[in-house]
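Structure first, commentary second.
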Amino acid sequence: MKKGIVVLFVLAVIAAGAAWVMSAPTRMSEQEASALKAGDPASGELVFWAGGCASCHAAPDAKGDDLLMLGGGLRLETPFGVFVSPNISSSEADGIGAWSLADFGNAMTHGTSPDGRNYYPAFPFTSYARMSDSDIGDLYAFMKTLPAVDGAAASHELGFPFNIRRGLGLWKRLFLDPSPVIAAPVPADSVDMALWERGRYLVEGPGHCGECHTPRDFAGGLVLPEWLGGAPAPTGEGRIPDITPVEGKFGSWSAADIAYYLESGFTPEYDSVGGEMVKVQENMARLPASDREAIAAYLKAIPPVIPDAN
């Protein structure tokens with residue numbers, strides 16, 4: 001009996017040690033970090049709008065230049081608890097002003113803070129991990145030009161076990177994958193591949209459209225076979241629509257309809273954008289027309305998700 005208890009104890013210690021090692025926050029390798037270069041702020045501004053940074057980190061009713069005041073504080077109520085967007089202004093004390101480019105890259109691609117903590121995936125690093133080194137460098141350069149906002153945002157409001165950040169290291173091993181979600185349109189010769197690939201990059205990477213439009217499993221990971229097939233709203237109120245090319249509804253929109261909607265906010269039925277999509281559309285309207293066309297081309301050439309599967 002005692003021998004059995006000892007064996008179980010040893011196995012428990014080994015399992016705990018393995019879990020501790022596997023849950024450790026990860027960072028870029030030295031080679032990856034050295035590949036990052038502070039880039040062009042003007043190009044970084046386009047990445048900023050594509051990434052929707054102001055939508056979460058500026059004040060809810062911000063307009064004009066106030067969209068660049070990134071003091072955080074937005075509350076996102078989810079089944080896991082309340083997440084509060086942090087200050088990401090250039091404040092050295094309360095924001096990210098003291099971050100190095102490597103710090104920024106680790107946050108964007110690995111979900112790891114400068115002090116070695118796992119970030120919660122309410123920060124969509126699982127999508128940002130698909131961003132190019134040049135876009136990360138450009139975005140960093142632009143963020144450095146933005147005003148400093150004093151004051152740290154409130155802490156997240158999470159109960160056990162979600163308040164234990166270390167466990168997110170295991171979550172990342174399951175759900176953090178920088179490879180593309182959609183391999184290629186079928187048939188590939190049916191689309192302009194350069195345009196489609198640009199659209200894939202914007203949607204799957206900085207645009208992080210899948211974070212809201214794709215359902216999640218019990219652990220909060222995206223259900224990739226139902227990519228962009230619609231999902232319950234993260235706040236628990238309403239539903240985020242299916243934006244795959246299923247017949248009827250969004251699937252009946254042409255590529256030109258989608259591009260125009262992202263530019264103007266008007267649907268083919270002469271309705272206007274509403275809800276949380278308002279901020280997304282306003283961000284997309286700041287991008288070059290070619291990028292909106294690329295997003296449309298991508299959305300028209302991805303696998304449809306059958307509504308009954310949602």
Side-chain angles (χ1 to χ4, degrees), residues 27-28 32-74 85-114 119 122-153 178 198-199 201-209 211 262-263 278-292 294-295:
R27 290 184 172 88
M28 295 181 295
E32 290 170 329
S34 64
L36 290 176
K37 305 295 181 185
D40 173 30
S43 297
E45 183 176 3
L46 293 178
V47 181
F48 176 87
W49 297 118
C53 307
S55 300
C56 285
H57 296 278
D61 298 323
K63 299 291 183 182
D65 290 343
D66 287 344
L67 288 168
L68 303 179
M69 304 291 288
L70 306 178
L74 179 70
S85 65
N87 183 331
I88 60 167
S89 76
S90 59
S91 168
E92 293 192 4
D94 301 313
I96 65 172
W99 287 19
S100 68
L101 178 54
D103 291 335
F104 189 74
N106 281 318
M108 295 290 287
T109 64
H110 286 254
T112 299
S113 71
Y119 280 126
F123 166 42
F125 58 82
T126 48
S127 292
Y128 294 157
R130 300 187 181 98
M131 289 174 59
S132 66
D133 290 345
S134 60
D135 273 359
I136 291 173
D138 288 343
L139 179 59
Y140 176 80
F142 177 69
M143 299 291 283
K144 286 290 189 179
T145 71
L146 299 184
V149 178
D150 294 330
R198 174 62 178 170
Y201 175 77
L202 290 168
V203 171
E204 298 185 7
H208 63 278
C209 306
E211 302 289 342
L262 295 175
E263 177 187 8
V278 171
K279 292 182 179 180
V280 177
Q281 182 274 317
E282 290 175 347
N283 292 335
M284 293 299 171
R286 296 173 181 266
L287 301 183
S290 59
D291 278 351
R292 293 189 293 272
I295 291 170

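The analysis underlying the following values was restricted to heavy atoms, covering all of them including side chains, and did not include hydrogens, waters or symmetry mates.
Ser127 and Glu204 form no side-chain donor-acceptor contact under 3.5 Å, judged by distance and modelled atom types alone. Checking Ser132 against Ser134 by side-chain atom types alone, a donor-acceptor pair falls below 3.5 Å.
A donor-acceptor contact shorter than 3.5 Å is absent between the side chain of Asp135 and the backbone of Met131. In this structure, Arg130 contributes its side chain and Pro206 its backbone to no donor-acceptor pair below 3.5 Å. Judged purely by atom type and a 3.5 angstrom limit, Asn87 uses its side chain to pair as donor or acceptor with the backbone of Val149. In this structure, the side chain of Asn106 does not engage the main chain of Gly111 through any donor-acceptor pair within 3.5 Å. Gln281 contributes a side-chain N or O that, together with a main-chain N or O of Leu262, makes up a donor-acceptor pair within less than 3.5 Å. Arg286 places no side-chain N or O within 3.5 Å of a backbone atom of Leu46 that could act as its donor or acceptor partner. Side-chain N or O atoms of Ser85 include one that pairs as donor or acceptor with a backbone N or O of Leu74 at under 3.5 Å. At least one donor-acceptor pair closer than 3.5 Å links the side chain of Ser90 to the backbone N or O of Ala148. No donor-acceptor pair closer than 3.5 Å links the side chain of Ser43 to the backbone N or O of Asp138.
The shortest non-hydrogen separation linking Gly39 to Ala141 is O-CB, 3.3 Å. Between Phe123 and Ala107 the shortest heavy-atom distance is CE2-O, 3.2 Å. Smallest separation of non-hydrogen atoms from Ala153 and Pro86: CB-CA, 3.9 Å. The heavy-atom pair separating Ala129 from Pro178 by the smallest distance is O-CB, 3.6 Å. Contact detail for His110 and Arg27: the closest heavy-atom pair is CE1-O, 3.5 Å.
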side-chain contact (heavy atoms from CB on, under 4.5 Å) evaluation trace for Trp99 with Ile88:
CA-CA 10 Å; Trp99 287 19; Ile88 60 167; over 6 Å; no
Full working for side-chain contact (heavy atoms from CB on, under 4.5 Å) between Phe125 and Met108:
CA-CA 5 Å; Phe125 58 82; Met108 295 290 287; over 6 Å; no
Show your reasoning for whether side-chain contact (heavy atoms from CB on, under 4.5 Å) applies to Glu263 and Met284.
CA-CA 7 Å; Glu263 177 187 8; Met284 293 299 171; over 6 Å; no
Could you go through the side-chain contact (heavy atoms from CB on, under 4.5 Å) check for Phe104 and Ile96 one step at a time?
CA-CA 8 Å; Phe104 189 74; Ile96 65 172; 4.2 Å; yes
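Between His208 and Tyr128, a ring centre-to-centre spacing shorter than 6.0 Å is recorded.
Atoms CD1 and CG, from Ile136 and Leu101 in turn, are 8.5 Å apart once rounded to the nearest 0.5 Å. For the atom pair Met143 CE and Ser89 OG, the distance stands at 8.5 Å (nearest 0.5 Å). To the nearest 0.5 Å, atom CG of residue Asp103 and atom OG1 of residue Thr112 are 11.0 Å apart.
Leu70 is listed as a side-chain neighbour of Phe48, based on a closest heavy-atom distance under 4.5 Å.
Residue pairs meeting the side-chain hydrogen bond (donor to acceptor under 3.5 Å, both in side chains) criterion with at least one member in residues 46-70, sequence neighbours excluded: Glu45-Trp49, Ser55-Asn283.
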